[in-house]
Novice: 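What follows is a structure written as structure tokens; I'll ask about it next.
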Amino acid sequence: MTHEALKSSLQQHRLEHLCRFSPEQITTLLQETQLGEDTLALALLPLARQKSQVPVSGFRVGAIAIGGSGHWYLGANMETAGLPLSSALHAEQAAIGHAALFDEHHIEKVIVSASPCGHCRQFMHELNQTSLMLVLPDDHFMLAELLPHAFGPADLGQTYGMLNGPAGALGQQQKPPQTEHNLACLAAQDEANASYAPYSHNRAGVALLLEDGQLCRGRYLENAAFNPSLGPMQLALSQLFLQGYTADKIRRAFIVEAKAEVQQYDAAAQLLSRLSAVTLERLVLDTVRGEE
Ligand SMILES: O=c1ccn([C@H]2C[C@H](O)[C@@H](CO)O2)c(=O)[nH]1
Ligand SMILES: [Zn+2]
């Protein structure tokens, strides 16, 4: 009954194709469906799951990250045919990466359709929050309950978390002509400066310019355990699919990264090449201020 109400609310307000909800939209849905917050979020997971890309497993996972601002961010798992399994992006990472792109500094809750795996627990631990609630279809937990004796940022001397790091200072402040190309490059540079790379100092950002002129952005989000780190191209492609595009809509692709021991270009270009014939254009920048 309430799920019917949700379906009609989504249709009436044209929300059924969204991948991000404002606090006002959530208030409307809560009022019209009379669902509680967790029940509503669980009921919205199919919208996320349908955006998953699962050529390997066929196993669709959907997640929602609720940001401190009250916005809800969808995420879905993304697998890429032709690459090793380690290239997969998990739904929880996609949802939190989505929140990062909208400059959330705190995640209230993560709602997910299957129990979060160890890799995701480790990824979420990088938020460095004193509390994070995880809501599953039949239960809820605090992250600390699911990851006792955790290894994390503090073990490597980091005091801030994935969404609270200082901004970077890559490259010069440019005032180029406002061509599509320059705007996309600047978007990738902005994402690089907003990225989180305390372990490698390889700040990195991606911008995909689409046929309709829209940009899909991605930023690098590192992890103290290294392997669960989220690459900027993974996040940009996840955004592409969450927004309902297909990879053939990519017209140009840009990566901006800091000169460092670690580099994103090879992995990003390889991932892109499995989905698109577009060549990845690269800019390597030095840090201007002596921040890193
Ligand atoms: O916490 C998890 C566990 C698995 N998956 C995805 C990864 C892969 O695409 C598929 C099978 O593991 O499910 C997630 O998105 N989140
Ligand atoms: Zn996972």
Side-chain angles (χ1 to χ4, degrees), residues 1-79 88-102 104 106-117 120 124 131-143 145-146 212 214 216 235 237-247 249:
M1 179 60 195
T2 40
H3 287 249
E4 277 307 307
L6 175 59
K7 210 172 148 192
S8 70
S9 280
L10 287 169
Q11 279 171 357
Q12 186 195 336
H13 303 290
R14 297 171 182 274
L15 303 177
E16 72 263 49
H17 299 297
L18 290 191
C19 61
R20 186 169 53 251
F21 295 89
S22 68
E24 296 73 25
Q25 288 167 332
I26 294 301
T27 302
T28 302
L29 291 176
L30 288 169
Q31 281 169 356
E32 291 185 2
T33 61
Q34 295 292 303
L35 294 171
E37 182 179 91
D38 290 357
T39 322
L40 174 63
L42 288 165
L44 289 174
L45 285 179
L47 297 186
R49 290 178 74 212
Q50 74 190 14
K51 304 290 177 61
S52 64
Q53 301 291 313
V54 287
V56 182
S57 69
F59 185 71
R60 295 180 183 274
V61 185
I64 298 177
I66 301 185
S69 72
H71 286 75
W72 291 23
Y73 303 90
L74 273 50
N77 58 330
M78 180 180 78
E79 302 166 355
L89 177 71
H90 291 215
E92 298 90 321
Q93 293 182 291
I96 292 170
H98 191 171
L101 288 171
F102 286 83
E104 293 287 348
H106 183 84
I107 303 294
E108 298 286 337
K109 280 184 190 175
V110 175
I111 296 88
V112 58
S113 62
S115 183
C117 75
C120 286
M124 292 187 280
S131 68
L132 175 67
M133 168 84 85
L134 301 175
V135 179
L136 309 183
D138 312 304
D139 217 336
H140 59 275
F141 301 95
M142 300 308 282
L143 176 62
E145 288 180 76
L146 298 185
D212 64 5
Q214 293 293 313
C216 273
L235 187 53
L237 289 168
S238 160
Q239 285 290 303
L240 178 88
F241 295 124
L242 283 170
Q243 291 170 33
Y245 291 104
T246 48
K249 298 295 183 291

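Bear in mind that the values here come from a model prediction, so they are computed numbers and not experimental data. Here, residue 1 is the first one in the sequence, and each next residue gets the next number.
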Novice: Please examine the side chains of Leu134 and Val112, heavy atoms only from C-beta on, and report whether any two atoms are closer than 4.5 Å.
Specialist: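 Side chain of Val112 against side chain of Leu134, heavy atoms only: no contact under 4.5 Å found.
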
Novice: To the nearest 0.5 Å, what is the distance between OG on Ser113 and CD on Glu92?
Specialist: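 Nearest 0.5 Å value for the OG-CD distance: 8.0 Å.
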
Novice: Has the side chain of Glu104 got a donor or acceptor atom that lies under 3.5 Å from a matching backbone atom of Gly68?
Specialist: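 Here the side-chain-to-backbone pair exists.
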
Novice: Quick one, Leu29 and Leu15 - any side-chain contact, counting heavy atoms below 4.5 Å?
Specialist: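 Side chain of Leu29 against side chain of Leu15, heavy atoms only: contact under 4.5 Å found.
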
Novice: Establish, from distance only, whether the side-chain atoms of Arg20 and His98 form a donor-acceptor pair under 3.5 Å.
Specialist: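 Note: Arg20 and His98 side chains meet the donor-acceptor criterion.
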
Novice: Nearest 0.5 Å, please: how far is CD in Glu37 from OG1 in Thr27?
Specialist: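 That separation rounds to 9.5 Å.
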
Novice: Do the side chains of Gln53 and Glu79 get nearer than 4.5 Å, heavy atoms only?
Specialist: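 Answer no - side chains too far apart.
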
Novice: Could you pull out the closest heavy-atom pair between Ser238 and Leu89, with the gap in Å?
Specialist: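 Answer, listing the atom of Ser238 first, then Leu89: CB-CD2, 3.4 Å.
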
Novice: Do Leu44 and Leu10 touch side chain to side chain, with heavy atoms closer than 4.5 Å?
Specialist: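 Of all side-chain heavy-atom pairs linking Leu10 with Leu44, at least one is under 4.5 Å.
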
Novice: Could you grab the distance from atom NE2 of His106 to atom CG of Leu132, nearest 0.5 Å is fine?
Specialist: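 Between atom NE2 of His106 and atom CG of Leu132 there are 7.5 Å.
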
Novice: Please name the pair of heavy atoms, one in Ile107 and one in Ala99, separated by the smallest distance, quoted to 0.1 Å.
Specialist: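 Residues Ile107 and Ala99, closest heavy atoms: CD1-CB, 3.7 Å.
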
Novice: About how many Å separate CD of Gln11 and CD of Glu16, when rounded to the nearest 0.5 Å?
Specialist: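 Taking CD in Glu16 and CD in Gln11, the distance rounds to 5.5 Å.
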
Novice: Keeping Asn77 on the side-chain end and Val54 on the backbone end, is there a donor-acceptor pair under 3.5 Å?
Specialist: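 Looks like no, no N/O pair under 3.5 Å.
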
Novice: Determine the minimum heavy-atom distance between Phe59 and Ala114, stating which atoms define it.
Specialist: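 Where Phe59 meets Ala114 most closely, the heavy atoms are CZ-CB, 4.3 Å.
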
Novice: How about His71 and Phe102: do any of their side-chain heavy atoms sit closer than 4.5 Å?
Specialist: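 A side-chain contact under 4.5 Å is absent here.
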
Novice: Looking only at the side chains, is there a donor atom on one of Tyr245 and Gln214 sitting less than 3.5 Å from an acceptor on the other?
Specialist: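 There is no such pair (donor and acceptor under 3.5 Å, judged by atom type) between the side chains of Tyr245 and Gln214.
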
Novice: Report the distance from atom CG of Leu35 to atom CG of Leu6, rounding to the nearest 0.5 Å.
Specialist: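 Spacing of CG (Leu35) from CG (Leu6) equals 6.5 Å.
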
Novice: If you take all heavy atoms of Ala43 and Pro46, which pair is closest and at what distance?
Specialist: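 Heavy atoms only, the tightest pair is O-CD, 3.2 Å.
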
Novice: Give a yes or no on whether His13 atom NE2 has more than 12 heavy-atom contacts from other residues, nucleotides or ligands under 6.0 Å away.
Specialist: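 Enclosed.
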
Novice: With rounding to the nearest 0.5 Å, note down the distance linking NE2 in His90 to CD1 in Ile96.
Specialist: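 Interatomic distance, His90 NE2 to Ile96 CD1, rounded to 0.5 Å: 12.5 Å.
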
Novice: Using atom types as modelled and distance alone, determine if a side-chain donor or acceptor of Ser52 lies under 3.5 Å from a backbone N or O of Ala48.
Specialist: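 It does not hold such a pair.
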
Novice: Can you check whether Phe21 reaches Leu40 side chain to side chain, under 4.5 Å on heavy atoms?
Specialist: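 Heavy-atom side-chain distance check fails, nothing below 4.5 Å.
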
Novice: Ignoring hydrogens, what is the shortest heavy-atom contact between Leu18 and Leu74? Give both atom names and the distance.
Specialist: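 Scanning both residues, the minimum pair turns out to be O-CD2, 3.8 Å.
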
Novice: Looking at Ala5, is its backbone amide N or carbonyl O close enough to the side chain of Glu32 to form a donor-acceptor pair, meaning the two atoms are under 3.5 Å apart?
Specialist: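 No, Glu32 side chain to Ala5 backbone: no donor-acceptor pair under 3.5 Å.
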
Novice: Taking all non-hydrogen atoms of both residues, which atom of Gly70 and which atom of Trp72 are closest, and how far apart?
Specialist: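 So the minimum-distance heavy-atom pair works out to O-CD1, 3.4 Å.
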
